[in-house]
Amino acid sequence: MLISILTQRCNSQRLMIAEAYQNMYGRDLIGDLKEKLSDHFKDVMVGLMYPPPSYDAHELWHAMKGVGTEENCLIDILASRTNGEIFQMREAYCLQYNSNLQEDIYSETSGHFRDTLMNLVQGSRQEGYTDPAMAAQDAIVLWEACQQKTGEHKTMLQVILCNKSYQQLWLVFQEFQNISGQDIVDAINECYDGYFQELLVAIVFCVRDKPAYFAYRLHSAIHDFGFHNKTLIRILIARSEIDLMTIRKRYKERYGTSLFHEIRNFASGHYEKALLAICAGDAEDY
């Protein structure tokens with residue numbers, strides 16, 4: 001019953017259901033879900049009840065405040081969100097946890113990885129702006145940053161990737177290919193490592209094709225990390241009303257099997273049913 005109701009409503013409808021639930025029974029629906037459910041099934045059903053900015057805030061908080069920092073969660077969220085989504089997320093984070101997102105990121109991360117996250121969380125990326133002449137200059141800066149790898153060059157690299165518009169970065173990446181004879185992702189992978197490298201590559205992937213990036217992350221969560229439930233749940237819920245249909249399409253194109261089929265193979269019970277309901281497979285996926 002919970003699955004059939006909550007997964008088949010959009011987020012705004014679920015919030016109205018929670019409000020009606022509170023008015024009729026004097027109880028908090030999220031609190032009751034947390035109390036009555038368990039394990040990953042609980043994580044899915046509770047996650048569905050958060051407005052998108054609150055869900056991002058919830059995931060970031062737990063990624064930083066648990067035992068150790070879950071860097072891949074920070075990468076997935078901050079590399080892919082729009083300026084507007086980042087502003088709303090920061091506000092929700094402050095309201096929910098009485099804490100400052102920028103300050104928490106600063107205290108829980110380090111090095112150029114931290115600098116890049118701090119740049120992204122400003123939500124100051126240019127939007128819709130292109131300058132072909134500047135693209136060639138930026139491409140040269142990126143190429144030099146991949147050759148010399150000084151602290152200053154790393155800073156210039158992340159400033160370009162975090163602040164230029166997606167449209168401008170498309171031009172920059174093409175110019176980079178022309179100048180170096182190499183794809184920007186291959187160059188970053190050769191020159192850098194660790195979470196800094198993973199974050200830079202995630203930004204490039206999101207610029208080029210965000211649904212393809214999330215298809216890649218889902219495939220990695222399923223096959224490289226032994227069905228990493230947190231990642232799977234986070235992506236399915238966060239993208240469910242944005243681009244999940246396209247993510248499913250990219251997944252099938254790239255990996256030759258449907259996301260629906262993958263979930264059926266790896267999950268079970270009510271947890272499986274909830275994920276499949278969110279995923280909403282095509283007829284040929286069953």
Side-chain angles (χ1 to χ4, degrees), residues 2-17 40-41 43-56 58-59 72-73 75-86 88-89 127-128 166-167 169-170 201-225 227-268 270-286:
L2 288 171
I3 294 168
S4 67
I5 294 174
L6 296 182
T7 66
Q8 302 307 307
R9 305 294 185 276
C10 67
N11 186 262
S12 59
Q13 290 173 321
R14 288 193 291 267
L15 297 181
M16 291 169 66
I17 291 169
H40 301 307
F41 179 52
D43 296 337
V44 175
M45 303 314 288
V46 170
L48 287 170
M49 297 308 302
Y50 287 101
S54 298
Y55 185 65
D56 279 349
H58 170 271
E59 291 296 290
N72 282 317
C73 175
I75 293 171
D76 279 351
I77 292 175
L78 292 173
S80 66
R81 300 311 192 250
T82 65
N83 289 348
E85 289 167 340
I86 288 170
Q88 290 181 312
M89 174 203 312
E127 295 182 334
Y166 275 21
Q167 294 87 340
L169 287 173
W170 267 91
V201 169
I203 295 169
V204 175
F205 282 164
C206 286
V207 169
R208 286 178 165 166
D209 188 339
K210 205 172 284 185
Y213 169 70
F214 283 115
Y216 156 73
R217 289 289 295 132
L218 286 167
H219 188 266
S220 179
I222 292 168
H223 292 281
D224 297 343
F225 297 101
F227 209 75
H228 194 267
N229 295 284
K230 278 186 180 179
T231 301
L232 195 80
I233 293 167
R234 180 178 66 247
I235 293 173
L236 289 182
I237 291 177
R239 309 309 295 184
S240 61
E241 292 180 36
I242 301 173
D243 53 7
L244 185 55
M245 292 284 283
T246 313
I247 291 168
R248 283 173 34 210
K249 184 181 175 187
R250 293 285 189 277
Y251 196 98
K252 197 160 192 175
E253 289 168 355
R254 293 191 170 219
Y255 304 111
T257 187
S258 71
L259 185 57
F260 195 88
H261 182 73
E262 298 272 53
I263 292 169
R264 285 181 64 186
N265 280 349
F266 286 93
S268 61
H270 290 114
Y271 175 49
E272 176 197 359
K273 289 177 183 173
L275 292 181
L276 293 179
I278 297 167
C279 190
D282 294 323
E284 69 267 24
D285 295 339
Y286 285 86

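Just so you know, residue 1 is the first one in the sequence shown, and it goes up from there. A quick note: this is a predicted structure, and the numbers were derived from the prediction, not measured.
Within the 4.5 Å cutoff, the side chain of R14 has heavy atoms near those of the L48 side chain. Proximity of Y271 to N229: side-chain heavy atoms (C-beta onward) are separated by under 4.5 Å at one or more points. Inter-residue side-chain proximity for E85 and P53 is flagged as unmet; no heavy-atom pair is nearer than 4.5 Å. When side chains are defined from C-beta on, I222 counts as touching L259, because their heavy atoms get closer than 4.5 Å. Put simply, the side chain of T231 does not reach to within 4.5 Å of the side chain of N72, judged on heavy atoms.
The CE atom of M49 sits 11.5 Å away from atom OG of S54, with the distance rounded to the nearest 0.5 Å. Note that CZ of R217 and CD1 of I247 are 12.0 Å apart. Values are rounded to the nearest 0.5 Å. The distance from atom CG of N83 to atom CD of Q88, rounded to the nearest 0.5 Å, is 11.5 Å.
When atom types are taken as modelled, the side chain of W170 and the backbone of V207 share a donor-acceptor pair closer than 3.5 angstrom. With hydrogens and angles ignored, the 3.5 Å screen pairs no side-chain donor or acceptor of Q8 with any backbone N or O of I5. For R254 (side chain) and A215 (main-chain N/O), no donor-acceptor pair under 3.5 Å exists by modelled atom type.
Aromatic ring pairs are classed by plane angle as parallel below 30°, tilted from 30° to 60° and perpendicular above 60°; the pair Y213 and F205 is tilted.
Residues passing the side chain to side chain contact (heavy atoms under 4.5 Å, CB included) test with Q167 are T130, S165, sequence neighbours excluded. Annotation: side-chain hydrogen bond (donor to acceptor under 3.5 Å, both in side chains) contacts of Y216 (sequence neighbours excluded): none.
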Worksheet item: Where do Y50 and D56 land on the side-chain contact (heavy atoms from CB on, under 4.5 Å) test, with the steps shown first?
Response: CA-CA 9 Å; Y50 287 101; D56 279 349; over 6 Å; no
Fill in: Verdict with supporting geometry, I77 and M89, side-chain contact (heavy atoms from CB on, under 4.5 Å)
CA-CA 10 Å; I77 292 175; M89 174 203 312; 3.6 Å; yes
Fill in: Steps toward side-chain hydrogen bond (donor to acceptor under 3.5 Å, both in side chains) verdict (Y251, E262)
CA-CA 10 Å; Y251 196 98; E262 298 272 53; 2.7 Å; yes
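For R9 against S4, the heavy-atom pair with the smallest separation is NH1-O, 4.0 Å. Residues C279 and F260 come closest through the heavy atom pair SG-N, 4.0 Å. Shortest non-hydrogen contact noted between T7 and A274 is CG2-O, 4.1 Å. Nearest heavy atom pair, residue A202 against residue A79, reads CB-CB, 4.0 Å.
Applying the ring pair (Phe, Tyr, Trp, His ring centres under 6.0 Å) test between F266 and each of H223, H228, H261 identifies H223 as the sole match.
A 6.0 Å sphere centred on NE2 of H219 holds more than 12 heavy atoms belonging to other residues, nucleotides or ligands.
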Side-chain donor-acceptor contacts of residues 232-245 below 3.5 Å, not counting sequence neighbours, with atom names and distances?
unit_1, atom_1, unit_2, atom_2, d
R234, NH2, D76, OD2, 2.8
R239, NE, D243, OD1, 2.9
R239, NH2, D243, OD2, 3.0
S240, OG, I237, O, 2.9
E241, OE2, N11, N, 2.6

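Defined by atom type and a distance below 3.5 Å, a donor-acceptor pair is missing between the side-chain atoms of E127 and Y166.
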